[in-house]
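Below is one structure; the comments refer to it alone.
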Amino acid sequence: MPYDPSSSESRWQQAWSDAGSFTATRDSRPKYYVLEMFPYPSGRIHMGHVRNYTMGDVVARFKRAQGFSVLHPMGWDAFGMPAENAAMEQGGHPRDWTYANIATMREQLKPLGLSIDWSREFATCDDAYVHQQQAMFLDMLEAGLITRKSAQVNWDPVDMTVLANEQVIDGKGWRSGATVERRELTQWFFRISDYSDELLSALDGLTGWPDKVRLMQANWIGKSRGLQFRFQTVDAPEGFEAIEVYTTRPDTLMGASFVALSPDHPLVRDLAAADPKVAAFVEDCRKIGTTEEAIETAPKLGFDTGLTVKHPLDEGWQLPIWIANFVLMDYGTGAIFGSPAHDERDHEFATKYGLPIRATFGERGMSLEQADALVAKVPYVPLKSEIVTYVRGFSGQAEQTGEAAVDAAIAHAEAHGYGEGVTKFRLRDWGISRQRYWGCPIPVLHCEKCGTVPEAKENLPVLLPQDVTFDVPGNPLDRHPTWRQAVCPSCGGAALRETDTMDTFVDSSWYYARFTSPHAATPTDRADADYWMNVDQYIGGIEHAILHLLYSRFFARAMVKTGHLPESAKEPFDALFTQGMVTHEIYMTRDERGRPVYHLPEDVYRLHLKGNEVAVLKREGFDDLSDEEAIEYAEAFAGEIEIIPSAKMSKSKKNVVDPVNIVQSFGADTARWFMLSDSPPERDVEWTAVGAIGANRFLARVWHLASLDIQEAEDPDLTRAAHRAIADVTKAIEGFAFNKAVAKIYELANAVGKSKAGGEARRAVLRIMAQLMGPMVPHLAEDVWAMAGGQGLLVDAPWPKADPALLEDDTVVLPIQINGKRRAEISVAKDMPKDQIEAMVLADETVRRFLEGAAPKKLIVVPGRIVNVVA
RNA sequence: GGGCCCAUACCCCAAUUGGUAGAGGGAGAGGUCUUAAACACCUUUCAGUCCGGGUUCGAGUCCCGGUGGGCCUACCA
């Protein structure tokens, strides 16, 4: 009977389902919660999902076998713009599109044989989830965690909607092509910035997270210590007698050459109202979008207001006030002083507009002239920890580090009363208002009498109306005939509903908590949350390293504050693993006009031909060719396709392989095995057709090995190999080194293949192999388990234990190095004392020949490892 | 511009964390089986660890300086 995953895989999946093997239960076992980032229901699963969920499944099945009560759920991040875009493009309703996609993807996911508790499945667009999220919103509003304030947004005047930064391309709306405006809108915010310090300092405790992610979060939160102070203005309009600035380099105050204001600074607005030239300049600045590329390529623009300020340390010294496009209103105070000698941007600006460049410090030991010469062409920006010489210092030592100088300057300002030391954060409040239909409605009302009023909890959920259309731009909620009309819960009068919906990051900020009691009539059930939280292992892509994880950390704290999570769950993810991408080669030809045309891997015949990598298009009739004919064919068309090195799978480059096809032709276990082989999980893995065939071939070989009928014989070496494998595979899985675990299983399979062991001795080893393979290729493992006489289902078998007595050999081979080069080796008992080894080494013929009778200068014996003789 | 990661055989990757560079897979070559092929099995080729210094009895591993690739982030004052 050959290996036939198509029949056996669904059979085992049915068996697990019938046995309820993966239903998570609260019981006496220790708990383990493993979670992979839930998918967006885009329509089809892709290889990235397969990799992500396979890794999680390995952990889940491994922990389950080790005796943990495992929670391993799955759900859908179901709100968001693609559903609305689909409705606009193809008609239909976002809800129908979303739920149809979920149904499709669920059916694609299930054949992978993941050990998921499907009874806990939910989508964030489910009425129940919307309900509980709204209930929490009200709790958080009451607890002071939410605020409403005015903020700038990217506004598309044609589509009449707010755009996210990534939807603004070259200053134009991605859909309409209209020039994007910046607009002020009143929006809802989570007060995450109140938690800046807490979210930053708590990173130290996240020892189960990659350093990289912690660092990225720290940079994002962006704590800085600096000086905030005021410049007295000269002849400025009323109300602007002083300009507040913030700097992290107050030590460069004597190098100040100008003050620069953001185009959005209140003083600039005041000036623009009176002076059309200022207004025109501000308008120019606005045209440059807020995108990264736009900012990167934008030239520094400045406008001299003609106004001046007095230098705080020298009343007679006046600095000009400029408006500069590179000054941001939402960081610091929206105003800076320019210190061109020690800042790249300021230097570029000063050079362009002919403003003075005066050094405040130079390299250690430099004179004032030398320092000024140093900064004339390029700014001097050493690390703050470096010692420099202050040539225009005003506080602290002449020779000191930047850090010390900053501290001294702050102290000086505070002592003389012209400024104070301030800690600032880059992290801003989290704006969650979206002028969109397909999201969770914000449950508040606007009442003429009472103002903004929270909806009463008993009126929840506030559900989206179904009778909407997407044929006109704008938010369908705004133009719905009746949906907005509601009763004010405070005064009983007429009120209008808020039509903004919540950012979808809100949905994904607490789904992990909802999984602990997905059907509860409250956001969480505290007994369940107390039992299951935290997530012991979270797995997902690095692209979520900042926003999703930071928002979730904040949200968990907010849930603790509102009583929905225990205090111990304020850091919800104990351990985080960020997996690499799945990549594939890109196959490209060009059309008659030289434009690139990409081809799907399934349409390409790929082989090594006389040392060259060749890819050719499969034309009609290709599938009927014999191997020789196919090679001839490839030779005939060689070079027609350019092979571009592997890159992340993307539809536009057509370098995608559909997991559904792979599962159909090879089985889920092959896809899973491939994903775990070779590449370390944190690194990218390249999908190749030959690799998939290779993985499948190995699984067939294991099947074959298990089905052989071998005459009874003992083989203690094989038993040893099996126990060695238990120890190695266990360690590898625990360390997320699945590629190493795979290699150890290959080794064991090779040993089984070579061994003459038969009967129960062989079956025992096969059962161990099945157990070790279980987390990775669970279906084949069940087959092997059954063939080798395993009792019951393999998923219910406890993880095997290695017998320590079988792990170590009694004798070890010690290599002998002479002057660092390996020259000989001796075989000694494992626990032989050092002096005996030394005696043996000195007696060794090769060693004696090298030493030529002399005593060695040094003899280093590392027990169990190596001996080095220094002659 | 800033930060992080990576570089070992033709390719993907191991190397007990400073102790014999090769565990494993793929590809290539040859063979057994076969009418032939597939499957299976056997045999085999291929590096001294990107480059240059340093520390050490000993460096793929640690340190310094380059080169090449990748990821993230960015007018943050």
Side-chain angles (χ1 to χ4, degrees), chain A residues 2-3 210-213 215-216 218-220 222 224 226 245-250 252 260 292 295-296 298 300 324-328 330-339 342-346 348-349 381 424-428 542-543 545-546 578 580-581 583 607-608 610-611 613 626-627 645-648 673-674 677-680 682-686 688 690-691 693-695 697-698 700-701 704-705 728 731 737 739-747 749-750 753-754 813-825 856-860 862 864-871:
Chain A
Y3 175 51
D211 289 346
K212 180 185 177 166
V213 174
L215 185 75
M216 283 164 72
N219 289 341
W220 188 260
S224 70
V245 299
Y246 172 72
T247 178
T248 55
R249 293 309 297 259
T252 66
E292 283 174 27
I295 288 166
E296 194 176 352
K300 304 258 179 297
N325 65 342
F326 66 91
V327 181
L328 306 177
D330 44 14
Y331 186 78
T333 62
I336 61 156
F337 74 82
S339 180
H342 307 293
D343 183 282
E344 307 258 356
R345 293 156 305 172
D346 295 351
E348 188 186 333
F349 192 80
V381 193
K424 286 213 185 283
F425 294 91
R426 203 186 83 108
L427 182 65
R428 284 169 248 153
I542 188 74
E543 66 273 18
I546 296 178
T578 55
M581 298 180 302
T583 67
L607 77 166
H608 298 259
K610 296 172 188 143
E613 301 290 325
S626 72
D627 278 17
S646 217
K648 181 179 182 173
W673 188 251
F674 185 102
S677 308
D678 292 356
S679 290
E682 67 276 12
R683 240 186 272 179
D684 291 351
V685 63
E686 180 180 38
T688 61
V690 282
I693 293 167
R697 195 182 300 152
F698 174 71
R701 196 172 133 227
H704 174 74
L705 287 175
D728 290 344
K731 197 179 161 209
N739 55 324
K740 289 189 224 171
V742 164
K744 294 298 174 191
I745 288 169
Y746 269 105
E747 219 171 323
N750 290 344
K754 283 202 174 75
V813 175
L814 280 188
I816 300 174
Q817 291 185 334
I818 298 168
N819 292 331
K821 288 231 181 339
R822 183 176 176 278
R823 300 291 184 189
E825 60 182 37
K857 284 204 191 99
K858 216 169 180 183
L859 187 58
I860 295 142
V862 184
R865 295 240 193 282
I866 203 165
V867 178
N868 195 4
V869 183
V870 185

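Naming convention: chains lettered A, B, ... in sequence-line order (proteins, then strands); numbering from 1 in each chain.
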Next item on the list: Apply side-chain contact (heavy atoms from CB on, under 4.5 Å) to the pair A:Val869 and A:Ile818, showing each step before the final yes or no.
Entry: CA-CA 5 Å; A:Val869 183; A:Ile818 298 168; 4.3 Å; yes
[X] vs [N]: side-chain N/O to OP1/OP2 distance below 4.0 Å:
X: A:Lys212; N: B:rC4; answer: no
X: A:Lys648; N: B:rC71; answer: no
X: A:Asn750; N: B:rG25; answer: yes
X: A:Asn739; N: B:rA14; answer: yes

Item checked: 5'-most by nearest nucleotide on RNA chain B - A:Lys754 or A:Tyr746 -> A:Tyr746
Margin query: Parallel, tilted or perpendicular: which one describes the rings of A:Phe326 and A:Phe349, with boundaries at 30° and 60°?
Written below: perpendicular
Next item on the list: Report which part of the nucleic acid A:Glu747 touches: base, sugar-phosphate, or nothing (heavy-atom distance under 4.0 Å, all strands).
Entry: sugar-phosphate
Notebook entry, point to check: Heavy atoms under 4.0 Å, any strand shown: does A:Thr247 hit a base, just sugar-phosphate, or nothing?
Noted result: sugar-phosphate
Note to self: Looking only at the side chain of A:Thr248 (C-beta and beyond, no hydrogens), which of the listed nucleotides B:rC75, B:rA23, B:rA77 gets closest?
What the structure shows: B:rA77
Margin query: Between B:rC76 and B:rC63, how far apart are the two C1' atoms, rounded to whole Å?
Written below: 33 Å
Notebook entry, point to check: Mind telling me whether B:rG48 is syn or anti, cutoff 90° either side of 0?
Noted result: syn
